[in-house]
Amino acid sequence: MVLASTKLDVNRVVKRLLDVRKASFAPMDDAVALTGMEYGGITPIGLPASWPVYVDSRVLEAPETVIGAGLRGAKVFLPGAVLGALPWVTVVEGLATGV
């Protein structure tokens with residue numbers, strides 16, 4: 001998870017975290033089937049326990065974040081620090097580039 005004003009560093013940081021040479025996002029149909037959530041509403045809360053969730057350290061400083069709620073038309077508002085405190089989350093310095 002990164003702030004909307006930043007860009008996920010897939011080519012350098014994510015590939016290093018996953019220890020892979022190539023990384024790509026799951027096709028929409030696969031993501032929906034594997035999560036049981038609607039496309040556009042997929043959230044880190046409720047993902048399979050074996051899935052790593054990485055959060056850029058700048059997210060923790062945000063007084064309010066907006067994430068999916070599992071349904072396209074629903075969102076969850078919470079302080080960024082709450083995301084970083086979730087037990088399955090790994091906070092990563094420099095996960096995103098930009099502002």
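Sequence positions, counted from 1, serve as the residue numbers for this chain. The figures here come from the full heavy-atom set of this structure, side chains too, leaving out hydrogens, waters and symmetry mates.
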Linking I/L/V/M/F/W/Y whenever their side-chain heavy atoms sit closer than 4.5 Å, directly or via other members, would [X] and [Y] fall into one cluster?
X	Y	answer
Leu34	Ile45	yes
Val59	Leu86	yes
Trp51	Leu17	no
Val89	Leu3	yes
Ile42	Phe25	no

Cut-off 3.5 Å, no hydrogens considered: what does the side-chain donor-acceptor table look like for residues 76-85, sequence neighbours left out?
none

Evaluation steps, side-chain contact (heavy atoms from CB on, under 4.5 Å), between Val53 and Thr90
CA-CA 6 Å; Val53 176; Thr90 300; over 6 Å; no
Using only atom types and a distance under 3.5 Å, with no angle test, would you say the side chain of Thr6 pairs donor to acceptor with the backbone of Val2?
no
Looking at side-chain heavy atoms only, is the closest gap between Arg72 and Tyr39 below 4.5 Å?
yes
Looking at side-chain heavy atoms only, is the closest gap between Met37 and Thr43 below 4.5 Å?
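They are in contact (side-chain heavy atoms under 4.5 Å apart), so the answer is yes.
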Under 3.5 Å donor-acceptor pairs involving side-chain atoms of residues 91-99, not counting sequence neighbours:
residue, atom, partner, partner atom, Å
Glu93, OE1, Ser57, OG, 3.1
Thr97, OG1, Lys7, O, 3.4

Roughly how far, to the nearest 0.5 Å, is CG of Asn11 from CZ of Arg16?
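The CZ atom of Arg16 sits 13.0 Å away from the CG atom of Asn11.
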As an exercise, state the distance from CD1 of Ile67 to NZ of Lys75, rounded to the nearest 0.5 Å.
9.5 Å
If you apply the rule side-chain contact (heavy atoms from CB on, under 4.5 Å), what do you find for Val13 with Tyr54, and how did you get there?
CA-CA 11 Å; Val13 179; Tyr54 299 111; over 6 Å; no
If the condition is salt bridge (charged side-chain N to carboxylate O under 4.0 Å, His left out), which residues does Arg21 pass it with, not counting sequence neighbours?
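Not a single residue meets the salt bridge (charged side-chain N to carboxylate O under 4.0 Å, His left out) criterion with Arg21.
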Chi angles and distances behind the side-chain contact (heavy atoms from CB on, under 4.5 Å) call for Glu38, Val32:
CA-CA 6 Å; Glu38 291 180 6; Val32 169; over 6 Å; no
